[in-house]
*Asks:* 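I'd like to ask you about the structure that follows.
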Amino acid sequence: MIATLGYLTLALAFLLAVYGLMAVVMGFFQKSPAWTESARLALLLIFPLITASVITLAILLAIQRFDVAYVYSVTSLEMPLYLRLTALWGGQSGSLLFWSWLMSGFSLFFAVRKWRDDADLLPWALVVVFFTLVFFLMLNVFMETPFNRFWHLPDGARVIAVLGPRGAWPLIPQDGQGLNPLLRHPGMIWHPPTLYLGFVGFIIPFALAVGSLASDRRDRRWIEIARPWTLVAWVFLSLGLVLGMRWAYDILGWGGYWGWDPVEIAALLPWLSSTALIHTTLLQRRRAGFMRWNLVMVFLTFILVIFGTFLTRSGVLSSVHAFAGSDIGEPLFIFTAILTLGSLGLLVYRWGDFASGYEPQFGFTKEVLTLLLNLVLLSILMVCFLGVIYPIISELLTDTQVTVGPAWYKRITGPLFITLIFLVGVCPLAAWTVTNLAKLRKRLLVLLPISFTVPLIAWGLGDVQHGVVLLALWLVGLSLVVMSAEIIREGIRAQRNSSWNLLSIVWKTLQRNHRRYGGVLVHVGIILMSVGIIGIEGLQQETQATLSIGESVKIRNYTFRFDGIDHFDAGDGRFVTEAVLAVLQEDSPVGALYPQREVYQNMGLAVTQPGLKSNLAVDLYAVLIDWRPITQDEATFRIFLNPLVTWLWVGTGVLTVGTIVALLPGSTQNRREQE
Amino acid sequence: MAHTAFSRSKSNRLKFIIGGGLFVMAVVLMVISATKATAEFFMTVRELGAGDQDLVGQNLRVSGAVVGDSITYDSEADQLQFMIAHIPGDEREIKAAGGLSWVLHQAVNNINNPRLNIVYQGAPPDMLRDEAQAILTGTLNTDGVFLAEELLLKCPTKYEEALPDQVEK
């Protein structure tokens, strides 16, 4: 009964979306705002309806109704409540419902906002929103519904349907299959929802851009309205990506955080294009230039989001992230194609009208550096895209499938990522349009020598020999020095004009220009993250050893001693084997690592849980690979030293805080007066 | 005046084009060199078993069904050995033949199916077991043994079954 109710509200939401789409279109034909208003009200209702469906599904998962096919496939009796609830997005149909729900949540923005002077943007934006909702709700209602149940038929057959045919009675399995053990991790709580919020949030800038282009409104209004939402989507996407890295680091046990899996890449693509977008919208705000470029970038971002959904959900790729094969691949592909062709058509149609006539001058300026940044980000994007589709093209062209792996991606994108660090570092030194070169020379004479201390310290104290790593570390040093100098200079300037209270200076400066300082913090975050990435990519050390109890193995100045192994039943379906590795640094004990192997007995599946001990300098990371029967007390370990990787997580925190600062309300009024 | 402004704007644009062009060329060169060095050819077990000596030393990728009885792991040498049996390389072909789990089952139990010896330096992964699908990257040596550098496994089993086996008792 509850399942049917959930399906009913979902179907109602779908019908309302169809109605809304028709109403907006009617509004165009009849030039009547009443239709648009009616569509707006329909949009207001869709969110609560889908919310009801989501709550219904959550209840079904919580009370373990295994006659519901979705509940059966993603939960089992042994799973704790929090995991049963996260199973809401653990399978294809549930996660698709969750996706539609978030989408309807973001689209409330269009229903709730007071449009006043911008009313011309609304109808076209509504077309986009309703079209997208109709599409995804159609998938939910007709193709991948989480509310299907198992039924017995009188002739002995079994079927899956929302409502049982005449004479059918429900089939209630005693236990479900359970969630894939790899997904049974606290990471499951945060990673998927954050990533989805990032993806789905881009509907707002996208719909506004379509509205601006279609209604021939040639100003930067859509960018102003979309700005906070673009940043919100971007920061959630960034967080989602990093949470995924952390999860992979914690559970997959290969000592890494990013495997260049096509589905990971699919999530990275919109991050790259939206990062480019955020930077070029700054140019448009200042110069009224790059109008068309911004439109291209926002279209590209949303298309990549939907393309990523297609890659993940269609079964065309096999990876840890991909859902099992399904029939929604074709509709998703068609939807991606419609979005792409529609956006292209609209751009071509309005291309001449949206020319800005502004031409930047070549030189060492923020404008040119921003263009270079775009070039680098888009190059990474193109390379990643090429890598994902390489098997498909090569098979078409040569009849042999050629694939590319992590080594390929690292070789090409490595130098490009290092260029990004360089750009973050030098950008504050450049003026917007004309840079005073004499001043620049003077500043570099001070800053450059200081920046060299970072690679020198790494070489002297950390014994880093690798040239590329030293280069990357130097650029990190340069960025940090330049950004600190910038902050100190402005601090001194602010101090001259006010009291000596440091806190009040910081507060006032932040208040006066929180957008800019938020941006500075985000860049500090990016640089700190790159420190972590340089550490694990460039300086990782590993060893493998088979040890008897009491024996030890050494990496650098760390000694790992095998102290014992324990086997126990965790009581929730897991049988755990845990080894104890004592860690000694220069012969004095500093702690222990507890690598585990968990066997899910019902499924016959095993999961490796590394033992981890981290500080700001280095992560000690051990994986228990194999052990002999208890009598011999011998086990095989793979041990990693991952230097600096903690900075990846710290940097992400700084980036998040920076985005929040940039999003704080206020002082926009002053800014507008200044302009 | 108009003439100088025009030629200045022209030379300005030229700088952007040259700068951007050089950058794009550098990226293209990196793509070409990385592809030459690391790209892998996807082959089936049957194609590899044909004894083509040109394949020796190439970067290869092969997919097949793990033969459970053949798995041995020497923890002293940290060396894993097993065999995989031929399965079709094309997803559609697999679907047409009755789905992945059926194709894997058939592949292992059909004696006439070509098999390939795999040697992998490293520990057996969690999912290595009979009738799992293995996707391997590595090279072929002159004896026709596949030296795997990377080992990916996929178990279709339980997650793809639509209807439950066990019924209310």
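In what follows, every chain begins at residue 1, and chains take the letters A, B, ... in the order their sequences are listed.
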*Asks:* Below 4.5 Å from any heavy atom of chain A, which atoms of B:F41 appear? Answer side chain, backbone, both or neither.
*Replies:*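 Interface part for B:F41: both.
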
*Asks:* Which one, A:I625, A:V607, A:I412, A:T403, leads in non-hydrogen pairs under 4.5 Å with chain B?
*Replies:*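 Counting heavy-atom pairs under 4.5 Å, the top option is A:T403.
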
*Asks:* Shorter than 4.5 Å, heavy atoms on both sides: which option in B:S33, B:P124, B:G122, B:G19 has the most such pairs with chain A?
*Replies:*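 It is B:S33.
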
*Asks:* Just by modelled atom types, is the A:A545 backbone N or O under 3.5 Å from a matching donor or acceptor in the B:D78 side chain?
*Replies:*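 Here the side-chain-to-backbone pair does not exist.
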
*Asks:* Specify the closest pair of heavy atoms between A:A407 and B:T38, including all atoms of both residues, with the distance to one decimal.
*Replies:*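 What the structure gives for the nearest pair is CB-CG2, 3.9 Å.
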
*Asks:* Under 4.5 Å heavy-atom distance to chain B, tell me which part of A:P415 shows up: side chain, backbone, both or neither.
*Replies:*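 Answer is side chain: those atoms of A:P415 sit under 4.5 Å from chain B.
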
*Asks:* Sort out for me which of A:V368, A:L375, A:T419 touches chain B most, counting heavy-atom pairs under 4.5 Å.
*Replies:*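 Most heavy-atom pairs within the cutoff with chain B belong to A:L375.
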
*Asks:* List the atom of B:F16, the atom of A:F362, and the distance in Å for their closest heavy-atom pair.
*Replies:*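 What the structure gives for the nearest pair is CE1-N, 3.7 Å.
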
*Asks:* Go through the atoms of A:Y390 and report whether side chain, backbone, both or neither lie under 4.5 Å from a heavy atom of chain B.
*Replies:*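 A:Y390 touches chain B through side-chain heavy atoms alone.
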
*Asks:* Using every non-hydrogen atom in the two residues, find where A:R411 and B:M30 come nearest and quote the distance to one decimal.
*Replies:*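 Result for this residue pair: O-SD, 4.3 Å.
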
*Asks:* I need the residue from A:V402, A:V404, A:L386 with the largest number of non-hydrogen atom pairs under 4.5 Å to chain B.
*Replies:*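 Result: the option with the highest number of such pairs is A:V402.
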
*Asks:* Does B:F42 have more than 12 heavy atoms from other residues, nucleotides or ligands lying within 6.0 Å of its CZ?
*Replies:*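 Atom CZ in B:F42 is crowded, with more than 12 foreign heavy atoms closer than 6.0 Å.
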
*Asks:* Below 4.5 Å from any heavy atom of chain B, which atoms of A:V376 appear? Answer side chain, backbone, both or neither.
*Replies:*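 The answer is both parts of A:V376.
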
*Asks:* Nearest 0.5 Å please: distance from the CH2 atom of A:W408 over to the CG atom of B:N59.
*Replies:*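 The distance works out to 14.0 Å.
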
*Asks:* Counting only heavy atoms closer than 4.5 Å, note whether B:T137 contacts chain A via side chain, backbone, both or neither.
*Replies:*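 Neither; nothing under 4.5 Å.
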
